[in-house]
Amino acid sequence: MTSVVQNFFFDCADAYELGRFWSGVVGKPMADDDRPGDPEAIIMMDNGVTLYFGQVPEPKTVKNRIHLCLEPDIPRDEEVERLLKLGATLLHDRRNPDGTGWAVLGDPEGNEFCVLRSAAEKAVAS
């Protein structure tokens, strides 16, 4: 027997706003009934996994023990710039001059996530 990942749950102060940010990141809409001020928001991914944003009373205080790693469709550096314009913050730049590495970003509530090289960039390097 095994378990299947159903959703990734993001504790947050503002579920709608954080959901709106991640909707822009992954290019998928939030649920039709999500509204500003709602205590939860949902994004359904094509693979059946849900990004679930739930309002909690306590603020984020430490580094995430688990985070998402994103492989963009466009070159990594272009994706980093796009995400920064959406409201992300560059936390740690682990990109190397030879094109390897990744960038660690924070979403508007400080949750860390990584942006890896695109599949096309990895294929060129092989």
Side-chain angles (χ1 to χ4, degrees):
M1 291 194 187
T2 62
S3 295
V4 176
V5 174
Q6 177 182 336
N7 64 51
F8 290 97
F9 191 102
F10 291 73
D11 288 352
C12 55
D14 189 330
Y16 181 82
E17 285 303 315
L18 195 58
R20 197 167 65 87
F21 168 81
W22 279 97
S23 176
V25 171
V26 299
K28 301 293 176 198
M30 293 169 55
D32 291 339
D33 59 349
D34 287 335
R35 301 283 181 267
D38 284 352
E40 58 189 39
I42 297 170
I43 300 170
M44 295 293 298
M45 304 298 292
D46 291 340
N47 62 4
V49 173
T50 302
L51 300 183
Y52 187 97
F53 306 89
Q55 185 175 316
V56 297
E58 62 276 357
K60 180 181 183 305
T61 57
V62 297
K63 182 181 183 290
N64 297 9
R65 297 296 294 186
I66 186 171
H67 64 265
L68 302 180
C69 292
L70 307 177
E71 181 184 81
D73 291 336
I74 61 177
R76 178 197 56 215
D77 294 347
E78 290 178 30
E79 180 68 348
V80 168
E81 290 305 314
R82 185 183 80 83
L83 299 176
L84 293 173
K85 289 176 184 172
L86 284 176
T89 303
L90 181 62
L91 301 177
H92 304 285
D93 196 339
R94 306 282 190 237
R95 295 175 282 184
N96 299 312
D98 67 356
T100 61
W102 60 92
V104 181
L105 280 69
D107 71 17
E109 292 205 13
N111 299 300
E112 298 91 0
F113 63 98
C114 293
V115 181
L116 310 174
R117 292 183 296 164
S118 68
E121 289 172 301
K122 290 177 194 171
V124 169
S126 329

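These numbers come from the heavy atoms of this one structure, side chains and all, not from hydrogens, waters or symmetry mates. Predicted, not measured: the structure shown is a model, and the values here were computed from it.
One distance of note links SG of C12 with CD of Q55; it measures 7.0 Å at 0.5 Å rounding. Separation of atoms CG (D11) and CZ (F53) is listed at 11.5 Å; rounding is to 0.5 Å. Distance check, rounded to the nearest 0.5 Å: SG of C114 to CZ of R76 gives 11.5 Å. Considering CG of D33 and CD of E40, their distance stands at 8.5 Å, rounded to 0.5 Å. Remark: L70 CG to E79 CD distance equals 7.0 Å, nearest 0.5 Å.
F21 and L90 fall within a single hydrophobic cluster, where Ile, Leu, Val, Met, Phe, Trp and Tyr side chains are chained together by heavy-atom contacts under 4.5 Å. Both V104 and L116 sit in one connected hydrophobic cluster of ILVMFWY residues. Membership requires side-chain heavy atoms under 4.5 Å apart, directly or through other members. Using a 4.5 Å cut-off between side-chain heavy atoms of Ile, Leu, Val, Met, Phe, Trp and Tyr, with links allowed through other members, V49 and I42 fall into different hydrophobic clusters. Connection of L91 to V115 is not established within any shared hydrophobic cluster, with ILVMFWY side chains joined at heavy-atom distances below 4.5 Å, either directly or through further cluster members. V80 and I74 fall into different hydrophobic clusters, where Ile, Leu, Val, Met, Phe, Trp and Tyr side chains are chained together by heavy-atom contacts under 4.5 Å.
Using modelled atom types, one side-chain atom of E121 and one backbone atom of S118 make a donor-acceptor pair closer than 3.5 Å. D98 places a side-chain N or O within 3.5 Å of a backbone atom of T100 that can act as its donor or acceptor partner. Looking only at distances, no side-chain donor or acceptor of R20 sits under 3.5 Å from a matching main-chain atom of P36. Using a distance-only test at 3.5 Å, with no hydrogens or angles considered, a donor-acceptor pair links the side chain of R82 to the main chain of V25. Under the 3.5 Å distance criterion, the side-chain polar atoms of D38 are left unmatched by any main-chain donor or acceptor of Y16. No donor-acceptor distance shorter than 3.5 angstrom exists from the side chain of T50 to the backbone of M44, with no hydrogens or angles considered.
Between S23 and I43, the closest heavy-atom pair is N-CD1, 3.4 Å. Listed here is the closest heavy atom pair of P108 and G87: CG-O, 4.0 Å. Residue A41 comes nearest to A15 through the heavy atom pair CB-O, 3.6 Å, listed as atom of the first residue, atom of the second, then distance.
With sequence neighbours left out, the side-chain contact (heavy atoms from CB on, under 4.5 Å) criterion links N111 to F10, L18, K60, N64, D107, E109. Every residue two or more places apart in sequence or in another chain that forms a ring-ring contact (aromatic ring centres under 6.0 Å, His included) with F9 is listed here: Y52.
The environment of Q6 atom CD is sparse: at most 12 non-hydrogen atoms of other residues, nucleotides or ligands sit within 6.0 angstrom. The number of heavy-atom neighbours closer than 6.0 Å to CG of D32, taken from other residues, nucleotides and ligands shown, is 12 or below.
Aromatic ring centres of F113 and W22: separated by under 6.0 Å.
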